[in-house]
Amino acid sequence: MIFITVKNDVVMSQHFMPFDEKYGLGQSKDELLKEGFFVDAIPLPQEIQGKVAILKYDGTSLYYEYQDASDETTALKKQVAEQEQAIMELTALLSGGGVNV
């Protein structure tokens, strides 16, 4: 069971273990229902070039709206990809393996 909070149909937060003793939210189901909703699963977004997926909830189902990505978003995605590559290379070096680029 996944707990989500929504503002103006946009999913603002997701918690995959709301009742876990250590990582949970520390509230009962009734208390949480005052703040959000429970869903069984969250669909995966499509990867569409130049678009950003916005997760929404209409009270019965989850869906994505796709909006044009700004230049800033595109630049951030490129930066994240570069950092992921650097992490993989460093991990390979630290584990004694070579770097295959």
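These figures come from a predicted structure and were not determined experimentally.
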Answer with yes or no whether the hydrophobic clustering places Ile54 together with Val6; edges join I, L, V, M, F, W, Y residues whose side-chain heavy atoms lie under 4.5 Å apart. no

dist Leu55:CG -> Leu44:CG (nearest 0.5 Å) comes out at 10.5 Å

Distance-only criterion, 3.5 Å: show the donor-acceptor pairs between side-chain atoms of residues 62-69 and protein atoms not counting sequence neighbours.
unit_1, atom_1, unit_2, atom_2, d
Tyr64, OH, Pro43, O, 2.7
Glu65, OE1, Lys56, NZ, 3.2
Tyr66, OH, Gln46, N, 2.9
Asp68, OD1, Lys51, NZ, 2.6

CD1 (Ile2) and CD1 (Ile42) are apart, to the nearest 0.5 Å, by 4.5 Å

Rounding to 0.5 Å, atoms CD (Gln85) and CG (Leu90) come to a distance of 10.0 Å

Exercise. Do other residues, nucleotides or ligands put more than 12 heavy atoms under 6.0 Å from Gln83 CD?
Worked result: yes

All N/O donor-acceptor pairs, side-chain side in residues 11-21, below 3.5 Å, sequence neighbours left out:
unit_1, atom_1, unit_2, atom_2, d
Ser13, OG, Thr5, OG1, 2.4
His15, ND1, Met17, N, 3.1
His15, ND1, Met17, O, 3.4
His15, NE2, Tyr23, O, 3.1
Asp20, OD2, Lys22, N, 2.9
Asp20, OD2, Tyr23, N, 2.7

**OP:** Assess whether atom CG of Asp40 is packed by more than 12 heavy atoms of other residues, nucleotides or ligands within 6.0 Å.
**Re:** no

**Message:** Quick check: is Leu93 connected to Met88 through a chain of hydrophobic side chains (ILVMFWY, heavy atoms under 4.5 Å apart)?
**Reply:** no

Value for CD (Gln27) from NZ (Lys29), rounded to nearest 0.5 Å, stands at 14.5 Å

